[in-house]
Amino acid sequence: MAAQCGLKLAVSLITAHFGDLVAKVCSCLLHRGTLSLQEIIRFTELSSSQIKNCLLVLVQHNCVQAFSTPRPAGPGGVAKAVTQYMALFDNILHRMRFAKFLAVVRDDLGPQCEILLAGLLQNGRLTFGQLVERATSSKPEVSASMREGLRANFNRLVSARYVERCPRPEPFIEPSPQEETRSTRRRSAKTSEEILSIEQRAMVAAALSDAERFSEITDTATETIEVKATDHSSDVSVGDKRKYGALEMDQEVQAAITQNEVLWQANFEKFLLCLKKKACVAHVRSRFGLDAGAVLEAMIESSGQQKAKDETPVRATMDSILEGVRAKPGGISMTLEHIRVILDQLHCQSCNWGAGASYSIDLKSIIDTCQNDEVEALVLTRFGKEAYRIFRLLIKNGHPFETDRIADIAFVEKKDAQGILYKLWKDEYLDMELSRK
């Protein structure tokens with residue numbers, strides 16, 4: 001379960017983007033966990049039609065995942081499938097980063113690919129035919145060469161893994177015999193085997209293989225999809241911006257799901273990897289120089305890391321690092337010895353991995369330092385220099401200090417230190433412990 005401040009932020013984002021009704025349903029799922037339609041009706045006291053429309057919006061924008069579970073039947077009865085809905089907390093927070101996602105694609109693939117991605121971020125999930133309509137809505141006539149150009153740019157997004165096919169809409173999940181409650185991962189008392197919750201198994205069941213997720217569109221597939229999209233869009237313009245209360249587009253896409261049309265969505269995992277790399281490289285560049293940034297960037301790209309939340313050290317061979325550095329601006333002039341010196345500066349560890357000399361680096365420590373820098377800058381802006389010194393002292397030491405000692409080390413009057421600590425504690429920047437002497 002996410003922290004209360006995180007849940008509050010998620011609900012405020014949904015309220016700003018889709019209105020109060022959708023936010024009420026989303027808040028119910030975030031705070032109460034996975035629920036069926038009847039349970040949502042009971043907790044929110046909204047009508048069935050209102051909740052169904054709200055769920056359509058949330059599913060359409062990748063904020064909710066549906067899955068089915070069997071409902072136990074009485075003696076001699078037949079079990080029926082019940083649809084359950086769970087909120088995707090991380091996906092909701094990603095909505096704050098849409099501008100950064102667009103900037104990543106613009107810098108990497110150009111403005112034409114950015115326009116296609118903007119359609120997916122704005123509408124959640126669309127078929128390729130609907131994307132074509134959106135991109136050409138202002139054109140009086142669409143030529144074959146224009147369609148081919150859009151297809152080529154879209155395939156570039158798919159090839160770079162910025163865009164993926166949507167997961168299965170409603171996988172069926174059989175309850176495991178070991179499952180006792182709806183909870184996060186737990187370990188069995190009798191075995192060391194890790195047991196996944198039903199929500200985690202639903203996400204695994206809904207996920208497609210990489211070959212399916214990133215399968216590019218062929219000429220024949222484009223023609224088929226375009227014909228189907230035209231049939232579905234006779235009354236609704238895909239280019240129109242979604243209004244908070246307008247559900248026509250969502251209902252149309254829901255119909256497309258049932259007819260097995262291929263729906264596409266932004267691949268948030270890829271964007272998080274890009275932003276993670278960018279933050280780490282920027283931090284290293286500011287501390288050790290441009291050459292160190294180029295070496296770290298080459299190392300990350302060579303590692304092939306696929307998950308942004310993967311906290312295992314990044315590993316790469318010296319040959320792959322050298323090849324990556326040579327492709328960077330100014331990298332051709334960097335010698336092998338200079339690269340080795342930079343790897344030592346970055347505290348990279350030599351390891352037995354791959355062929356030849358290999359190195360590993362812990363990106364988590366760099367990310368933690370970046371996060372601390374951001375929070376320290378925020379404390380400096382909101383509370384002033386004295387609060388900044390106190391907060392930095394506590395961050396660097398990582399253990400509680402008595403108020404008198406904090407005042408002495410930070411060169412702050414004891415009375416002022418008490419007021420500053422209270423403000424930081426009240427705004428949840430600090431934890432407080434009462435010591436007994």
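- Nearest heavy atoms, Asn62 versus Leu88: O-CD1, 3.6 Å.
- Side chain of Thr369 to main chain of Ser365: a donor-acceptor pair is present (N/O by atom type, distance under 3.5 Å, no hydrogens or angles).
- Nearest heavy-atom pair, Val412 versus Ala417, reported as atom, atom and distance to 0.1 Å: CG1-N, 3.7 Å.
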Show the numbers, then the answer: is there a side-chain contact (heavy atoms from CB on, under 4.5 Å) between Asp108 and Tyr162? CA-CA 11 Å; Asp108 188 17; Tyr162 292 122; 2.6 Å; yes
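- Between Gln65 and Pro167 the shortest side-chain heavy-atom distance falls below 4.5 Å.
- A donor-acceptor contact shorter than 3.5 Å links the side chain of Arg326 to the backbone of Met334.
- Counting heavy-atom neighbours within 6.0 Å of Glu374 CD, excluding the residue itself, gives a total of 12 or less.
- For Glu323, the CD atom counts as loosely surrounded, since its 6.0 Å shell holds 12 or fewer non-hydrogen atoms of other residues, nucleotides or ligands.
- Inter-residue side-chain proximity for Lys385 and Leu380 is flagged as met; some heavy-atom pair is nearer than 4.5 Å.
- Between Tyr388 and Phe383, the ring center distance fails the sub-6.0 Å criterion.
- Ser302 places no side-chain N or O within donor-acceptor distance of the main-chain N or O of Ala316, the cut-off being under 3.5 Å.
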Stepwise side chain to side chain donor-acceptor pair (under 3.5 Å) test for Glu170 and Ser68: CA-CA 6 Å; Glu170 191 178 324; Ser68 298; 2.4 Å; yes
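- For the pair Leu120/Phe101, no side-chain contact is recorded, criterion being any heavy-atom separation below 4.5 Å from C-beta on.
- Ring pair His94/Phe271: centre-to-centre distance not below 6.0 Å.
- The number of heavy atoms from other shown groups lying within 6.0 Å of OH (Tyr422) does not exceed 12.
- In this structure, Val295 and Val284 have side chains that are not in contact, with every pair of non-hydrogen atoms separated by 4.5 Å or more.
- Rounding to the nearest 0.5 Å places CD1 of Ile40 at 6.0 Å from SG of Cys28.
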What's the verdict on side-chain contact (heavy atoms from CB on, under 4.5 Å) for Leu150 and Leu116, showing C-alpha distance, side-chain angles and the deciding distance? CA-CA 8 Å; Leu150 290 171; Leu116 291 174; 4.2 Å; yes
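- Between Ile409 and Phe401, the closest side-chain pair of non-hydrogen atoms falls below 4.5 Å.
- Note that the CE atom of Met299 and the SG atom of Cys348 stand 4.0 Å from one another [nearest 0.5 Å].
- In this structure, Arg382 and Asp427 have side chains that are in contact, with non-hydrogen atoms separated by less than 4.5 Å.
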Before you tell me yes or no, could you show the steps for Phe154 and Val132 under side-chain contact (heavy atoms from CB on, under 4.5 Å), namely the whole-Å CA-CA distance, both residues' side-chain angles and the distance that decides it to 0.1 Å? CA-CA 10 Å; Phe154 185 80; Val132 170; over 6 Å; no
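- The line from CZ of Arg285 to CG of Leu296 is 9.5 Å long, rounded to the nearest 0.5 Å.
- Within the model, atoms CZ of Arg156 and CD of Gln112 stand 9.5 Å from one another, a figure rounded to the nearest 0.5 Å.
- In Arg287, the CZ atom is not crowded: 12 or fewer heavy atoms of neighbouring residues, nucleotides or ligands sit closer than 6.0 Å.
- Taking a cutoff of 4.0 Å between a charged side-chain nitrogen and a carboxylate oxygen, Arg213 and Asp210 qualify as a salt bridge.
- A donor-acceptor pair under 3.5 Å is formed between the side chain of Gln60 and the backbone N or O of Asn123.
- Minimum interatomic distance between Glu164 and Ala266 (heavy atoms only, all atoms of both residues): OE2-O, 4.0 Å.
- Across all their heavy atoms, Ser358 and Thr317 have their closest contact at OG-CG2, 3.5 Å.
- Salt bridge Lys328/Glu301: present, at least one basic N to carboxylate O contact under 4.0 Å.
- A salt bridge links Asp368 with Lys364: the distance from a Lys NZ or Arg NE/NH1/NH2 to an Asp or Glu carboxylate oxygen falls below 4.0 Å.
- Checked by atom type and distance alone, the side chain of Arg125 never pairs as donor or acceptor with a backbone atom of Leu263 at under 3.5 Å.
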Hey, mind stepping through Leu378 and Tyr429 against side-chain contact (heavy atoms from CB on, under 4.5 Å) and telling me if it holds? CA-CA 10 Å; Leu378 181 60; Tyr429 285 89; 3.3 Å; yes
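- With a 4.5 Å cut-off on side-chain heavy atoms, Val262 and Thr127 do not count as touching.
- At least one donor-acceptor pair under 3.5 Å links the side chain of Arg165 to the backbone N or O of Glu212.
- Other residues, nucleotides and ligands place more than 12 heavy atoms under 6.0 Å from the CG atom of Asn397.
- In this structure, CG on Asn267 lies 8.0 Å from CZ on Arg161, to the nearest 0.5 angstrom.
- The backbone N or O of Lys414 lies less than 3.5 Å from no partner atom in the side chain of Asp404, so there is not a single donor-acceptor pair.
- Here the shortest heavy-atom pairing between Ser303 and Val314 reads CB-CG1, 3.2 Å.
- The minimum heavy-atom distance between Arg168 and Ala205, with the atom names listed, is NH1-O, 3.0 Å.
- Two residues are said to be in side-chain contact when any heavy atoms from C-beta on lie closer than 4.5 Å; Lys100 and Lys278 fail this criterion.
- With values rounded to the nearest 0.5 angstrom, Asp107 atom CG is found 8.5 Å from Glu114 atom CD.
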